[in-house]
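What follows is a short report on a single structure.
For ligands, and for the atoms within them, numbers begin at 1 and follow the listed sequence.
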Amino acid sequence: MSQTELGGPADFIRAIIAEDLARGKHEQIVTRFPPEPNGYLHIGHAKSICLNFGIAKENTPARCHLRFDDTNPTKEEQEYVESIKEDVRWLGFDWGEHLYFASDYFAQLYDYAEQLISQGKAYVCDLPADQIRATRGTLTEPGQNSPYRERSVAENLDLFRRMRAGEFADGSRVLRAKIDMASGNLNLRDPVLYRIMHTSHHRSGDQWCIYPMYDFTHPISDALEGVTHSLCTLEFADHRPLYDWFLANLPVPAQPRQIEFARLNLGYTVVSKRKLLQLVNEGHVAGWDDPRMPTISGIRRRGYPPEAIRGFCDRIGVAKKESLVDVALLEHCVREELNQRALRVMGVLNPLKVVISNYPEGQSEELTAQNHPQQPELGQRQIPFSREIFIERDDFMEEPAKKFFRLAPGREVRLRYAYFIKCDEVIKDASGEIVELRCTYDPQTLGGSAPDGRKVKGTIHWVDAARSIEAEVRLYDRLFTEESPEKGGRDLTSSLNPDSLTVLSDCRLEPGLAEATTGQHFQFERQGYFCLDPKDSRPGRPVFNRSATLRDTWEKVKGS
Ligand code: ATP
Ligand code: MG
């Protein structure tokens, strides 16, 4: 959805781009997605990916670059680079040949820094970091000039070259732009361009011991790549004058335009790498790809299809104002997708054995079940039926409540795709727990109705006892009990949902699920949508993750 129903651009950014194209400002639109490889991508990044790559797709021959903003050697790791690439691809986007690393521009950036020095627009400052901070001033007070601000060009060049040569210790000197310590915009008060760090970089190794700052690197990287529209989140709006200052003061090959949009905030979770890292490090989740995490790898493992994420990003749109998006909308988009394509199967999560006493011992038969009753083209399958089956414990009540229409003593129900059964006897163990039901079936009710026209009120799912497979099933709920987990300065972990994961370890599933593969989606009838866990499943012992329940709360929210 790149356009509104009337055919106009879907958002203010697409409107700007359409206008730029219409007046011939650019022949080709170039956008970029610039992750820092210091963590896994999350659903917030998906919004930015869908926006940048989406715009490129809609404006052929446009393109979108994947650029790693890898200027901080201490926090970055190759592992993250690989996972980020995998996530972008999984979301359905392709950067083609346009894979870049800011670290590839280190030499060019250094050159530009020397040019600023030569123009008298940058200087080496010997103040320690806390002094630089202390003399920066506040929103109401101007900053103070550094005592090193008036160094000569020659001295600055000499010192900067020696910084590069490794003559000075970490933190002893920085290179700063010489702009205006009294500027109303704090980002223009002589920002730091380079710092000394004797640290190996994941790509450039030990080639450099000075590293450029993000604010200096970003506009130059954009310009070097010919980016036309540099789309970023609102917190960078205050940095735009500095972004433009670099473009105006350096002989860069292009003049990209920075445009800010509101970041995605999502209820009942957090979208910040730092906070997600905290959840991982403190062991509140099993890792970055824990299916409860809002990371791309987590939601992929949970069984959210990429189409659902793209659909969600379309639905939330792109605006200038921050807001909190209802997580029910995301879940709704997931259900919509899964409802279309998930194969219907039967799985019993809390099994209760049923012995059908009038079904011949040693006999079994194959019954026909639909893979998707609303989509006959998805075909049908055979499922085994015999004297012993499992039903869901919840589908039986010894003393049925008023509106309970399923199995109870003396009552008859329909088994999905099989026969009517009637409960004759309840078997309990010494502690009084129900361990088995004795039922009789009516052989004339195959196909769902009785020849004498008698009705049953309930239809329940089941699996054959002998031929069903054993499986572990993991049910997930929201990670936090509060929509804004940190509201009022609360510690993140104080509203963790203790019931966000329920592990059911002796579930029984119809035999076909032994062949389930990663990437397939199933609806366990009456239970929800499930997928095979790619990590913890073992041969003969599959693990299934519940992607979503069947109950959609979004329609209700929307209607209220
Ligand atoms: P975090 O706040 O999680 O640490 P970040 O902004 O530091 O994220 P980057 O790797 O720098 O992470 O982000 C890459 C791109 O994704 C940036 O352009 C950033 O603006 C965008 N982005 C990050 N978080 C969100 C979000 N919640 N919604 C939309 N875009 C986002
Ligand atoms: Mg960032």
Side-chain angles (χ1 to χ4, degrees), residues 11 13 30-56 64-72 74-77 79-85 87-88 91 93 95 99-103 202 213-215 217-219 221-222 225 227 229-240 243 256-281 288 293-299 309-310 312-325 327 329-330 484-486 492:
D11 55 66
I13 294 180
V30 182
T31 56
R32 87 285 171 269
F33 173 65
E36 197 183 331
N38 63 351
Y40 285 74
L41 296 184
H42 52 63
I43 183 87
H45 294 114
K47 173 175 178 174
S48 178
I49 293 168
C50 289
L51 177 65
N52 282 291
F53 282 94
I55 284 172
C64 179
H65 298 180
L66 175 61
R67 182 203 314 139
F68 288 97
D69 242 313
D70 56 350
T71 51
N72 187 348
T74 55
K75 288 197 295 183
E76 290 152 5
E77 289 171 36
E79 171 198 353
Y80 296 130
V81 170
E82 294 312 318
S83 82
I84 289 170
K85 285 194 210 164
D87 289 350
V88 173
L91 275 171
F93 299 107
W95 52 87
L99 174 66
Y100 301 100
F101 291 84
S103 56
H202 77 114
M213 302 299 287
Y214 175 87
D215 276 343
T217 310
H218 204 80
S221 306
D222 283 345
E225 292 174 18
V227 166
H229 298 82
S230 181
L231 313 177
C232 60
T233 35
L234 287 179
E235 64 269 25
F236 290 101
D238 284 347
H239 298 242
R240 185 167 10 100
Y243 183 99
R257 172 172 175 191
Q258 175 178 309
I259 306 171
E260 307 87 20
F261 63 94
R263 61 191 292 111
L264 167 65
N265 299 305
L266 191 61
Y268 296 97
T269 191
V270 287
V271 278
S272 148
K273 278 184 280 195
R274 191 173 48 76
K275 291 168 193 165
L276 295 174
L277 181 65
Q278 183 190 344
L279 296 176
V280 173
N281 285 346
W288 284 101
M293 291 279 271
T295 51
I296 307 291
S297 47
I299 61 191
I309 308 302
R310 295 202 300 268
F312 170 71
C313 291
D314 267 353
R315 297 272 287 265
I316 58 174
V318 177
K320 274 256 178 221
K321 197 170 156 288
E322 290 242 352
S323 65
L324 182 65
V325 174
V327 70
L329 174 60
L330 173 61
S484 302
E486 294 172 293
L492 186 63

Parallel, tilted or perpendicular: rings of His218 and Tyr243 (30°, 60°): tilted
Under 3.5 Å: N/O of Glu235 near N/O of ligand 1: no
So is there a nitrogen or oxygen of Glu36 less than 3.5 Å from a nitrogen or oxygen in ligand 1? yes
Between His42 and ligand 1, which residue portion shows a heavy-atom distance shorter than 4.0 Å: side chain, backbone, both, or neither? side chain
Charged N to carboxylate O under 4.0 angstrom, Arg32 versus Glu225? no
Is Glu36 salt-bridged to Lys273, cutoff N-O under 4.0 Å? no
Which atoms of ligand 1 are found less than 4.0 Å from any heavy atom of Ser272? 3 (O)
Heavy-atom contacts with Thr233 under 4.0 Å: which atoms of ligand 1 show up? List them by number with element. 19 (C), 20 (O), 29 (C), 30 (N), 31 (C)
Option of least heavy-atom distance to atom 3 (O) of ligand 1 (set: Lys275, Lys47, Lys273): Lys273
Would you say the rings of Phe68 and Tyr100 are close, in the sense that their centroids are separated by under 6.0 Å? no
Contact between His45 and ligand 1, counting heavy atoms under 4.0 Å? yes
Quick check for you: to the nearest 0.5 Å, what is the distance between Leu264 atom CG and Thr233 atom OG1? 11.0 Å
